[in-house]
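Comments concern the structure below.
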Amino acid sequence: IGDKIMGFFEAFMRALITIAFFVLIYYVGVWALGALGIIIPAMILKVFMVIMALIAILILGRLFYPFFNSGPWWPNRGP
């Protein structure tokens with residue numbers, strides 16, 4: 001049972017790191033565009049945040065619900 005818990009813990013940490021990278025890329029992109037003088041309207045930024053939230057829900061959904069886990073995102077997980 002320890003291997004299953006450790007496998008889940010590793011998959012959970014990988015999912016959190018993936019989500020953190022998505023957020024980091026978003027904020028660095030917004031910062032870089034602002035530094036270049038390109039101003040993005042607030043509504044477009046909100047739409048991008050909603051898209052990122054949906055991606056995060058998809059990543060966590062694939063982790064917690066095996067029904068959604070049809071791809072090779074976490075190759076160490078069983079069926």
Least distance between heavy atoms, Ile55 atom then Phe22 atom: CG2-CE1, 3.7 Å
Non-neighbouring partners of Ile17 that pass side chain to side chain contact (heavy atoms under 4.5 Å, CB included), sequence neighbours left out: Phe21
Rounded distance [0.5 Å steps], CG in Leu16 versus CG in Leu60: 6.5 Å
Straight-line distance of Ile59 CD1 to Phe12 CZ, nearest 0.5 Å: 12.0 Å
CD1/Ile38: more than 12 non-hydrogen atoms of other groups inside 6.0 Å: yes
Ile40-Met52 co-clustered via ILVMFWY side chain contacts under 4.5 Å: yes
side-chain contact (heavy atoms from CB on, under 4.5 Å) partner of Tyr26, chosen from Val30, Val28, Val23: Val30
Single-linkage hydrophobic cluster, 4.5 Å side-chain cutoff, Leu24 and Ile19 together: no
Qualifying residues under side chain to side chain contact (heavy atoms under 4.5 Å, CB included), relative to Val47, sequence neighbours excluded: Ile51
Partner set under side chain to side chain contact (heavy atoms under 4.5 Å, CB included) for Leu54, not counting sequence neighbours: Val50
